[in-house]
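Taking it in order: structure first as structure tokens, then the write-up.
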Amino acid sequence: MPSIPSNTATPSNTAIAEALEELGDLYELDGAVVHRVLAYRAAARSVREAANSVATLAAAGRATELPGIGATIQDKINALSEAGVIPAAERLRAKFPPGLVALTRLHGLGPKRARLLYDELGIDSLEALRDAAVAQRLRTVRGLGPKFEANVLAAIEAGAATAGQQRLLLPDALEVAGTLIEGLAADAPQDARLEVAGSARRGVESVKDIDLVATTAEPERLAGCLAGLEQIASVGSSGAAGARARTHAGVGVDLRIAAPPQHGNLLQHFTGSGAHNAALRERVVRRGLHVSEYGILDDASGDTATYAEEAAVYEHLGLFFIPPELREDRGELDAAAPGGTGLPGLVQERDIRGDLHCHTVASDGRAGIEEMAEAARERGYEYLAFTDHSASHGFGNAVSAGELRRQIERIREADAKLDGIELLAGSEVNVLPDGSLDYDDELLRELDWVIASVHTAFNMAEDNMTARMVTAVEHPLVDAIGHPTGRLIGRRPPYALDVGRLIEAAAASGTMLEINANPRRRDLSEVHARAAVAAGVLVVVDSDAHAPATLANMRWGISTARRAWLGPQDVANTRPWSELAPLRKRARV
DNA sequence: GCCGTTTTCGGCCCGACTGTTTTCAGTCG
């Protein structure tokens, strides 16, 4: 007997989501009804956003508790776990060459035409498509013409140009959007009202393009202003409804324009997300209401209601106002309905009373204790914890035990000298591969605040990494786990870790988990932070500042906290230190 | 394929744009 193939290990949520997405693509090529295809994509999204192992849930018959997953897809997940493959995918893969899915990724070429080109001309790859377009063979297919050929070639070229192009991190996106709005406002008609919409307004981690909305009585003139901005390299289309353009850096910009009385409708529509809007519209269409960017059409009266303010749109639909960060179709519509669970009062940046993670020149920071402390005080903080890296840290200065003792003294001296802010002595201690820490307990006990983080040996197997983290969580002197998954958005995936088990251990031991506010980290993610709080974990939002200016990164951590549905009570450092200190598990035992 | 104030079947958002069409299908956001 051959040995069991190695791909039968429990598949990660990412692997399951990818398998479901592939199945959706294949069914689409196979000509399945669009709703079936969408069902697979919705299921993939649901799996991707699940905080716990979906394979484990499915094995227990409980994956159907997740939205968008029914008995059929649960069976397929179980097949993937047990046999390493989904039979339906195997069958369809044999039917369609792998290059065919790549065709559907081209702008303007969807599944229907990809299938048509395959059936009629045997085109099964980008190369074959390019050759056929150059040879003018595409126009021989009924329904396709020379324009289509030209567009295909342009799309292939554009695809090659943008391949591997990074999405913009939220701060970069907001900066670009801000300069565009500033530039537009300078030339715009007097009545123009301009706003950032889209995923940037929802506070997502990274964005694909910049969405702007505007209202004015002179739409063509405003749309024309976009082309004149120095940041804009090219304009694709421009008219009364808006304009599409691209910056010199290659960032797509979509400006949508409506009449002033429709500002609320347009902003609601263009803020999205697509999933939120679709769910919102489905919900109210049963009552004869049709929502679009132009207004709310009521079948009963035939009237279309328009609103200048967004809140009025939700009110008309019988819902409480839903903050943009929650508009992801993650339960916000049920919560916002009368008789629903209600929406949380989301944490705000001004609720934060102190920062519990920053660095100084003692390790890899760029400023000293007093400089950081004064910057924190200027931000209105009541306390700041200095958490330089520890003894085994690989970059910056390693802080030996003796050096940490001297640092504690320096912090105490600065604290005595500086009024208006309490300075706390802490450390960001390395979690070694066996889960132990690189200072002894006697030294850790002298600190006010201990964060434990992984900075080495990222490539451990999931079981080992999870055991390593759980050991650190259970250490009696660890107050919080820093950037728990180690991911760097757009650069490095999280290390293999069962976050569900980490959360369980944190809840059981009373250890806090960090939302690291560095815009490239935002770790915990919104999905995991929401699960952590639901499990009873207290979250701490920290800047991880390495210089005074980056204390302001707190803002991005608050975005994640808000997207995780967190209120002030869920975030430890909305409390004064006198209330937070007793919540450390060392103070509770 | 999922789901339920339409509840085990029959629905499943909305509008713009494009290219190819004599009235619309495909694609996109």
Side-chain angles (χ1 to χ4, degrees), chain A residues 20 23-24 26-28 30-46 63-77 86 88 103-117 138-139 141-152 154-155 197-199 207-213 236-244 252-258 262 265-266 268-297 299 304 317-318 329 333-334 337-339:
Chain A
L20 294 176
L23 207 42
L26 290 168
Y27 275 129
E28 191 172 42
D30 203 32
V33 293
V34 64
H35 300 108
R36 191 165 164 218
V37 175
L38 292 176
Y40 276 96
R41 294 191 178 142
R45 186 175 91 105
S46 192
T64 53
E65 292 170 15
L66 296 169
I69 296 182
T72 305
I73 289 183
Q74 174 165 272
D75 287 347
K76 289 185 157 82
I77 293 170
I86 300 173
L103 298 190
T104 68
R105 303 278 186 260
L106 283 178
H107 190 88
L109 215 174
K112 293 274 181 14
R113 285 174 182 156
R115 180 69 191 276
L116 186 66
L117 293 170
L138 302 186
R139 64 184 67 179
V141 178
R142 181 181 161 75
L144 306 180
K147 277 276 178 59
F148 179 76
E149 262 167 9
N151 288 344
V152 160
S199 53
V207 312
K208 188 164 65 68
D209 47 27
I210 308 280
D211 296 322
L212 305 176
V213 301
S237 65
S238 181
R244 291 189 159 195
V253 179
D254 206 345
L255 170 67
R256 289 289 295 271
I257 307 174
Q262 294 172 316
N265 304 91
L266 180 64
Q268 193 286 321
H269 165 77
F270 218 36
T271 296
S273 64
H276 171 84
N277 283 353
L280 177 72
R281 290 163 176 178
E282 275 182 36
R283 166 181 285 259
V284 300
V285 79
R286 295 175 221 141
R287 306 209 312 261
L289 299 175
H290 303 273
V291 180
S292 80
E293 58 266 54
Y294 301 106
I296 303 169
L297 169 66
D299 283 338
T304 298
L317 300 174
D329 191 25
L333 292 168
D334 283 338

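Here is the naming used below: chain letters follow the sequence lines, and residue numbers restart at 1 for every chain.
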Could you tell me the separation between the CZ atom of A/R286 and the P atom of B/dC3, rounded to a whole number of Å?
-> 13 Å

Determine the Euclidean distance between corresponding C1' atoms of B/dT27 and B/dT20; express it in Å to zero decimal places.
-> 14 Å

Does A/H35 place a side-chain N or O at less than 4.0 Å from the phosphate oxygens OP1/OP2 of B/dG1?
-> no

Determine the Euclidean distance between corresponding P atoms of B/dC12 and B/dT5; express it in Å to zero decimal places.
-> 15 Å

G-U wobble or Watson-Crick pairing nucleotide for B/dA25 (cut-off 3.5 Å, both distances) | B/dT18

Set of side chain to side chain contact (heavy atoms under 4.5 Å, CB included) partners for A/S199, sequence neighbours left out | A/R202, A/V204, A/V207

OP1, OP2 of B/dG19 versus side-chain N and O of A/N151: anything below 4.0 Å?
-> yes

For atom CZ of A/R281 and atom P of B/dC13, their distance in whole Å | 10 Å

Looking at A/S292, does any N or O in its side chain come under 4.0 Å of the phosphate oxygens OP1/OP2 on B/dC13?
-> no

Protein and nucleotides 25-28 of chain B: nitrogen or oxygen contacts under 3.5 angstrom:
residue	atom	partner	partner atom	Å
B/dT27	OP1	A/G110	N	2.7
B/dT27	OP1	A/G110	O	3.1
B/dT27	OP1	A/R113	N	3.0
B/dT27	OP2	A/K112	N	3.3
B/dT27	O5'	A/G110	N	3.4
B/dC28	OP1	A/L106	O	3.2
B/dC28	OP1	A/G108	N	2.7

Is any side-chain nitrogen or oxygen of A/Y294 closer than 4.0 Å to OP1 or OP2 of B/dC14?
-> no

To the nearest Å, give me how far apart CZ (A/R256) and C1' (B/dC17) are.
-> 11 Å

